[in-house]
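Everything on this sheet refers to the single structure shown next.
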Amino acid sequence: MKLWKQAILAGAALLVAVGAASAQDVKIGFVVKQPEEPWFQDEWKFAQEAAKEKGFTLVEIGAEDGEKVQAAIDNLGAQGAQGFIICTPDVKLGPGIVAKAMANDLKLMTVDDRLVDNAGNPIEDVPHMGISATKIGETVGQAIVDEVKKRGWDMASVGAIKVSYDQLPTAVDRVAGATSVLEANGFPAANIFNAPQAKTDTEVALNAATTVINAHPEIQHWVAVGLNDEAVLGAVRATESVGISAANVVGVGIGGAESAINEFKKPSETGFFGTVIISPKRHGYETALNMYEWIANDAEPEKLILTSGQLATRGDYEQVRKDLGIE
Ligand code: FCA
């Protein structure tokens with residue numbers, strides 16, 4: 001009887017030990033397309049919080065192109081990781097990423113940008129967390145409409161710079177959401193000018209927007225939309241570079257990370273009127289936690305989670321960030 005008891009106790013201790021060891025053995029990659037962008041740094045920061053809390057290792061990798069993505073996945077496999085989360089530089093790499101993950105026996109989740117297959121349809125098997133792109137775009141559009149009305153501008157004479165990045169579906173949905181609200185509120189479709197960007201950073205957006213502004217010297221009042229804060233900041237910088245004052249510009253971005261905060265902190269108001277703050281905590285912490293649960297406890301993550309956003313301006317962004325738990 002005594003022996004039995006001892007055996008059971010020893011077995012229980014062993015189980016506990018195995019459990020603890022496996023948390024330490026869990027290694028998860030977090031691969032992002034633009035490591036220099038504050039949004040992605042925030043995602044990493046919150047993902048590391050999950051790692052600390054659960055005791056696993058989180059490997060941060062920046063992968064700006066397809067080759068780097070391939071190398072990152074092989075590298076994670078060689079390091080003995082069990083899974084990774086990725087925001088890919090190009091959603092069309094989808095089938096290749098899925099194949100590489102399988103070859104390396106790695107679980108795969110995506111964040112922000114959803115992989116597409118060869119026909120351009122989302123790869124629904126891969127668990128994904130993205131933003132509610134259309135709805136967030138609509139919030140941008142409404143914020144602009146409200147501010148244009150407040151400033152008493154004649155809607156028919158306002159120009160809109162639409163900084164677009166059409167190879168990324170979430171970007172298309174975001175700007176389409178914004179322009180749909182502009183048009184529904186009497187904004188002439190003919191005054192919405194496309195400023196396509198080949199890369200999603202401020203400098204490229206600035207160049208694209210400058211072309212639009214130079215082509216329309218008749219326009220006195222400008223509004224600007226784009227897929228993220230960097231895109232809208234590019235448009236705002238473009239208006240500044242040709243001497244259009246902040247009072248004549250209403251740009252509303254999406255993100256709410258350091259790029260937007262720095263703008264709000266400037267001593268005087270700029271044309272960057274607001275941003276729809278999205279949650280790097282959910283996209284970083286929660287995806288990492290879900291991946292951990294999948295690896296350690298076989299709990300499969302939901303296939304699709306779409307997160308929401310909240311409008312913030314110079315006056316209230318600190319409070320909004322606090323409310324969202326992303327200080
Ligand atoms: C895309 C954009 C990022 C961020 C993210 C949620 O990846 O490029 O700036 O908005 O979606």
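These figures come from a predicted structure and were not determined experimentally. Whatever order the structure lists ligands and atoms in, that order sets their numbers, starting from 1. This chain uses plain numbering: 1 for the first residue, then up along the sequence.
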Could you check atom 9 (O) of ligand 1 against the protein and tell me its nearest heavy-atom contact, residue, atom and distance included?
Glu37 OE2, 2.6 Å

If I take atom CG from residue Leu115 and atom CD from residue Glu124, how far apart are they, to the nearest 0.5 angstrom?
12.0 Å

Could you tell me the residue and atom name of the protein heavy atom closest to atom 8 (O) of ligand 1, and the distance to it rounded to 0.1 Å?
Lys33 NZ, 2.9 Å

Yes or no: does Ile278 have any heavy atom under 4.0 Å from an atom of ligand 1?
yes

About how many Å separate CG of Leu93 and CG of Asp113, when rounded to the nearest 0.5 Å?
11.0 Å

So is Tyr165 touching ligand 1 or not, going by heavy atoms under 4.0 Å?
no

Tyr317 pairs by ring-ring contact (aromatic ring centres under 6.0 Å, His included) with which of Phe273, Phe264, Phe272?
Phe264

Can you tell me if Gly255 contacts ligand 1 (heavy atom of the residue under 4.0 Å from the ligand)?
no

Assess whether salt bridge (Lys or Arg N to Asp or Glu O under 4.0 Å) is satisfied between Glu147 and Arg151, documenting all intermediate values.
CA-CA 6 Å; Glu147 185 60 17; Arg151 295 189 189 186; 2.8 Å; yes

Step by step, would you call Glu263 with Arg237 a salt bridge (Lys or Arg N to Asp or Glu O under 4.0 Å)?
CA-CA 11 Å; Glu263 197 67 14; Arg237 293 290 94 87; 2.5 Å; yes

Quick one: does Asn228 get an N or O within less than 3.5 Å of an N or O on ligand 1?
yes

Is any N or O atom of Thr200, backbone or side chain, closer than 3.5 Å to an N or O atom of ligand 1?
no

For atom 11 (O) of ligand 1, the protein heavy atom that lies nearest, with its residue and separation
Arg174 NH2, 2.8 Å

Judging by distance only, is a nitrogen or oxygen of Asp113 under 3.5 angstrom from one on ligand 1?
yes

What I want to find out is whether Lys303 reaches Glu300 closely enough, with some N-O distance under 4.0 Å, to be called a salt bridge.
yes

